[in-house]
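Okay, here's the structure, questions in a sec.
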Amino acid sequence: MRDICFWFDKPAFAFEGILLQATSMYSKGRVFSFCKSEVDADRCGINSGSATKYIFCHGKSVRELLSQNNIDAKNTIHIVNGLFSFALDELCLLRSTCPFKIVCLTEPVSCMSRLPKLEYLYKLAKYNNRKRDVVKFIDAVIFLGQNGPKLFKTIRWNFKYLEISYMPQLNSSIIQRPVSVDSSGRFLYIGRNNLREKGLNYIIKWFGKNKNQKLIIIGNYGKDYKRIKKAVKKHPNIEQVESMNMRLLFDFIISNNVKCILTPSLVDGCNVNNYLSIASGTPCITTFNSNNYEMIQKANSGFVIRHTYKEFEKIMDNFTHLRNDKVHDLSTNALLYSRERNAFNEAKRMLEFISTI
C-alpha cells in the first residue's frame with residue numbers, strides 16, 4: 001500500500017486530464033488531491049461538475065490533512081506543484097523525521113529568459129535560492145513540456161526527471177473534423193489577459209487591421225483584462241467570453257468552427273493551448289518562447305514563430321490564404337499525434353516513473 005498525495009495551490013486546470021487518469025488507474029494505493037485555494041474554481045470547472053475530487057485545505061496544516069484522511073506519511077509519495085508550493089516547506093520539515101518521497105511538478109525557469117534582463121535575473125536568483133533550501137528533500141522532478149529537461153540542465157539542476165505533456169482528458173472518438181479557412185471560421189485565443197506576456201497586443205493589432213477575420217478571446221482574468229475588454233469594444237470582429245473548463249473548451253472549439261488557436265507568447269512555461277490544439281485537431285500558431293513548442297513541430301500541426309509582430313503578421317496573412325486541404329492536413333496531423341501523447345498514456349508514464357522512486 002503506497003498512497004499518492006498531490007498538493008496544488010489552486011485547482012489543476014492544465015493537469016486535470018492526467019490527474020483523472022492517474023487516479024483511476026493507480027492500483028497500489030489511494031490517490032488524494034489536496035488544494036490550498038478555490039481561486040480559479042470556475043475556470044477549472046470545480047463549480048460545474050469537475051470529475052476531480054479536491055480536498056480543500058481551509059487553513060489546515062499538511063500534518064492535519066494527512067491525519068484526517070488516515071494517510072501514513074511514511075509510505076506516501078507527495079507530488080507538489082512547483083518549488084514554491086504551499087505544502088513544500090512543511091513536507092520538508094516532516095521529511096526530516098519521516099522517510100517519504102517528494103516529487104516536484106515544475107515549469108523550467110529558463111523560459112523566463114525572454115523577460116527584461118533585470119526581471120529575469122531577479123527571478124532566476126529567487127529560484128536558485130529556493131533550490132538551495134529544498135533540493136536535498138526532492139527525489140525527482142516531473143517537467144511540464146518536452147523542452148524542460150534541456151532548459152533545466154543549463155542551470156545545473158540535477159534531478160531524476162520525467163517529461164510529460166499535459167494532454168487534456170476529452171471524451172471524444174474524433175478521427176477527423178472539418179476546419180474551414182474561409183471567413184466563417186474563427187481564430188481563438190484562450191487564457192490569461194496579459195497583453196505583453198501572452199502576445200495579445202499582437203493579436204488585437206492584427207485583427208484591428210483585418211476586419212474580415214473573426215477572433216474569440218476566452219478568458220476573463222489577468223492583469224490587462226479591463227484594458228482588453230475596452231479594446232474589444234472597438235472591434236466588432238473580436239468577441240470576448242468568460243473562462244471555461246477544458247471539456248467545455250473542447251466543445252466550444254468544435255461548435256464554433258475554430259480554424260486556428262493563437263498562442264504568440266513572450267513567456268510561457270507550459271502552454272495549455274498547444275496541448276488543446278493537438279487534442280482537438282485544431283491548427284495552432286505558437287512561438288519558440290512556449291516551452292512545449294516542440295510538440296507542434298513534431299506533430300506538424302501548426303506553425304512556430306519568433307515573438308515579433310512582423311513574423312506574427314506574416315504567418316497570419318499566410319494562414320488566411322492557405323487552401324482547405326492544407327489546413328485539413330494540419331488538423332489530421334494533430335489528431336494522429338494525440339493518439340500517442342494523450343492523457344491516458346501520459347498518466348501511465350507518470351505512474352511508471354513514480355514506481356521507480
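All residue numbers in this chain count up from 1 along the given sequence.
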side-chain contact (heavy atoms from CB on, under 4.5 Å) between T76 and I71, worked out | CA-CA 8 Å; T76 306; I71 300 171; 3.6 Å; yes
Side chain proximity check, H235 to I204, heavy atoms < 4.5 angstrom |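 Yes, side chains in contact.
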On the 0 to 90° scale, with breaks at 30° and 60°, tag the Y202-Y309 ring pair as parallel, tilted or perpendicular.
->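 It falls in the perpendicular class, over 60°.
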Is the gap between the ring centers of H78 and F100 under 6.0 Å?
->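 Ring-ring flag for H78/F100: true, centres closer than 6.0 Å.
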Got a sec, which residues hit side chain to side chain donor-acceptor pair (under 3.5 Å) with S61, two or more places apart in sequence or on another chain?
->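 S61 satisfies side chain to side chain donor-acceptor pair (under 3.5 Å) with E64 only.
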Can you check whether I217 reaches I238 side chain to side chain, under 4.5 Å on heavy atoms?
->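 Contact flag for I217/I238 side chains = yes.
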Residue E242 excluded, over 12 heavy atoms near CD under 6.0 Å =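 Count not over threshold, so no.
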Contact check, side chains of L105 and V80, non-hydrogen atoms, under 4.5 Å =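 Side chain of L105 against side chain of V80, heavy atoms only: no contact under 4.5 Å found.
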Tell me, do Q240 and I228 make a side-chain contact under 4.5 Å, heavy atoms counted?
->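 Contact flag for Q240/I228 side chains = yes.
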Could you walk me through whether H321 and K326 pass the side-chain contact (heavy atoms from CB on, under 4.5 Å) check?
-> CA-CA 10 Å; H321 290 92; K326 294 295 183 182; over 6 Å; no
Any donor-acceptor pair under 3.5 Å from N342 side chain to R339 backbone =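 At least one qualifying donor-acceptor pair exists.
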Taking the side chain from R95 and the backbone from F137, do they hold a donor-acceptor pair closer than 3.5 Å?
->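 Pair found, side chain donor or acceptor close to backbone of F137.
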Any donor-acceptor pair under 3.5 Å from S277 side chain to P283 backbone |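 Not at all, since once roles are kept as given, no pair shorter than 3.5 Å links the two residues.
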Hey, does the side chain of T332 reach the backbone of D329 with a donor-acceptor pair shorter than 3.5 angstrom?
->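 No.
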Assess whether atom NZ of K314 is packed by more than 12 heavy atoms of other residues, nucleotides or ligands within 6.0 Å.
->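 No - once you tally the heavy atoms of other residues, nucleotides and ligands closer than 6.0 Å, there are 12 at most.
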So, D72 side chain and K74 main chain: donor-acceptor pair closer than 3.5 Å or not?
->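 Yes; at least one donor-acceptor contact below 3.5 Å.
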Tell me, do N237 and L215 make a side-chain contact under 4.5 Å, heavy atoms counted?
->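 The answer is no; the side chains never approach within 4.5 Å.
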Compare all side-chain heavy atoms of I216 with those of F252 and state whether any distance is below 4.5 angstrom.
->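 Yes - at least one pair of side-chain heavy atoms lies under 4.5 Å apart.
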Taking the six-membered ring for Trp, are the ring centroids of Y161 and F353 within less than 6.0 Å of each other?
->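 Centroid separation for Y161 and F353: 6.0 Å or greater.
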Nearest non-hydrogen partners of N271 and S265, listed with the distance |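 Smallest interatomic distance, heavy atoms only, reads ND2-OG, 3.6 Å.
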Atom SG in C5, atom CD1 in I102: separation rounded to 0.5 Å?
->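 So the SG of C5 and the CD1 of I102 are separated by 11.5 Å.
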For the residue pair L335 and S338, what are the closest heavy atoms and their distance?
->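 Taking every non-hydrogen atom into account, O-OG, 2.6 Å.
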Would E239 and K229 count as a salt bridge (charged side-chain N to carboxylate O under 4.0 Å, His left out) if you check the C-alpha gap in whole Å, the side-chain angles of each, and the deciding distance to 0.1 Å?
-> CA-CA 9 Å; E239 178 184 357; K229 186 177 181 180; over 6 Å; no
Counterpart residues, ring-ring contact (aromatic ring centres under 6.0 Å, His included), relative to Y225 (two or more places apart) |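 Residues passing ring-ring contact (aromatic ring centres under 6.0 Å, His included) with Y225: none at all.
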First locate atom CD1 of I285, then atom CZ of F303, and finally report the distance between them rounded to the nearest 0.5 Å.
->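 Going from CD1 on I285 over to CZ on F303, the span is 7.0 Å.
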Nearest heavy atoms of A334 and G281, plus distance in Å =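 Minimum heavy-atom separation between A334 and G281: CB-CA, 3.9 Å.
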Measure the spacing between CZ of R349 and CD1 of I18 and express it to the nearest 0.5 Å.
->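 Output value for this atom pair is 9.0 Å.
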Single hit among N274, N289, N292 for side-chain hydrogen bond (donor to acceptor under 3.5 Å, both in side chains) with T263 =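 Among N274, N289, N292, the one meeting side-chain hydrogen bond (donor to acceptor under 3.5 Å, both in side chains) with T263 is N274.
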Side chain of Y54, backbone of C57: donor and acceptor closer than 3.5 Å?
->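 Checking the backbone N and O of C57 against the side chain of Y54, no donor-acceptor pair under 3.5 Å is found.
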Single-linkage hydrophobic cluster I261~L336, side-chain heavy atoms < 4.5 angstrom =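 Each belongs to a different hydrophobic cluster.
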Give the minimum heavy-atom separation between L88 and G82, together with the two atoms involved.
->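 Heavy atoms only, the tightest pair is CD2-O, 4.2 Å.
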Look only at the side chain of S255 and the backbone of D251, and say whether a donor-acceptor pair between them is shorter than 3.5 Å.
->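 Judged by distance alone, yes, a pair lies under 3.5 Å.
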Do you reckon F84 sits in the same ILVMFWY cluster as L94, going by side-chain contacts under 4.5 Å, direct or chained?
->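 Yes; L94 is reachable from F84 via cluster members.
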Backbone N or O of I190 within a donor-acceptor pair of the N273 side chain at under 3.5 Å?
->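 Yes, because the side chain of N273 sits within donor-acceptor range (under 3.5 Å) of the backbone of I190.
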Rounded distance (nearest 0.5 Å) linking atom OG of S85 with atom CG of D9 |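 Between S85 OG and D9 CG, I get 5.0 Å after rounding to 0.5 Å.
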Does E197 come within less than 4.0 Å of K223, counting only side-chain N to carboxylate O?
->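 A salt bridge links E197 with K223.
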Does any non-hydrogen side-chain atom of K209 lie less than 4.5 Å from one of M316?
->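 Of all side-chain heavy-atom pairs linking K209 with M316, none is under 4.5 Å.
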Do F6 and I357 sit in the same hydrophobic cluster, where Ile, Leu, Val, Met, Phe, Trp and Tyr count as joined when their side-chain heavy atoms come under 4.5 Å apart?
->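 Looking at the clustering, I357 is in the same group as F6.
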Decide whether F344 and M295 are clustered together by the hydrophobic rule: side chain heavy atoms of Ile, Leu, Val, Met, Phe, Trp, Tyr closer than 4.5 Å, transitively.
->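 They do share one cluster, since a chain of ILVMFWY contacts under 4.5 Å joins F344 to M295.
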Describe, in one word, how the ring planes of F34 and F32 are oriented to each other, choosing from parallel (under 30°), tilted (30 to 60°) and perpendicular (over 60°).
->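 The rings of F34 and F32 lie parallel, inter-plane angle below 30°.
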CD/E313 to OG1/T308 distance, rounded to the nearest 0.5 angstrom?
->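 Here the rounded value is 9.5 Å.
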Decide whether Q213 and K259 meet the rule of one side-chain donor and one side-chain acceptor closer than 3.5 Å.
->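 Result is yes, a qualifying pair exists.
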Could you check N193 against N220 for side-chain contact (heavy atoms from CB on, under 4.5 Å), going step by step and ending with a plain yes or no?
-> CA-CA 7 Å; N193 284 203; N220 56 345; 6.0 Å; no
How long is the span from the CG atom in N81 to the CZ atom in F86, to the nearest 0.5 Å?
->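 CZ of F86 is found 8.0 Å from CG of N81.
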Using the side-chain contact (heavy atoms from CB on, under 4.5 Å) rule, take K348 and M25 through it: C-alpha gap first, then chi angles, then the decisive distance, then the call.
-> CA-CA 8 Å; K348 183 178 179 183; M25 70 172 64; 4.2 Å; yes
pair R2-Y26: side-chain heavy atoms closer than 4.5 Å =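 In short, these two side chains touch, coming nearer than 4.5 Å.
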Nearest heavy atoms of S280 and I254, plus distance in Å |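 Heavy atoms only, the tightest pair is O-CD1, 4.3 Å.
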Check L20, T23, D3 against V31 for a side-chain contact (heavy atoms from CB on, under 4.5 Å) and give me the one that passes.
->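 Among L20, T23, D3, the one meeting side-chain contact (heavy atoms from CB on, under 4.5 Å) with V31 is T23.
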In plain terms, say whether D224 and K230 are close enough for a salt bridge, that is, a side-chain N and a carboxylate O under 4.0 Å apart.
->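 So D224 does not pair with K230 through a salt bridge.
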Minimum heavy-atom distance between E90 and R63, given as atom pair plus value |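 In this case the closest contact between E90 and R63 is OE2-N, 3.1 Å.
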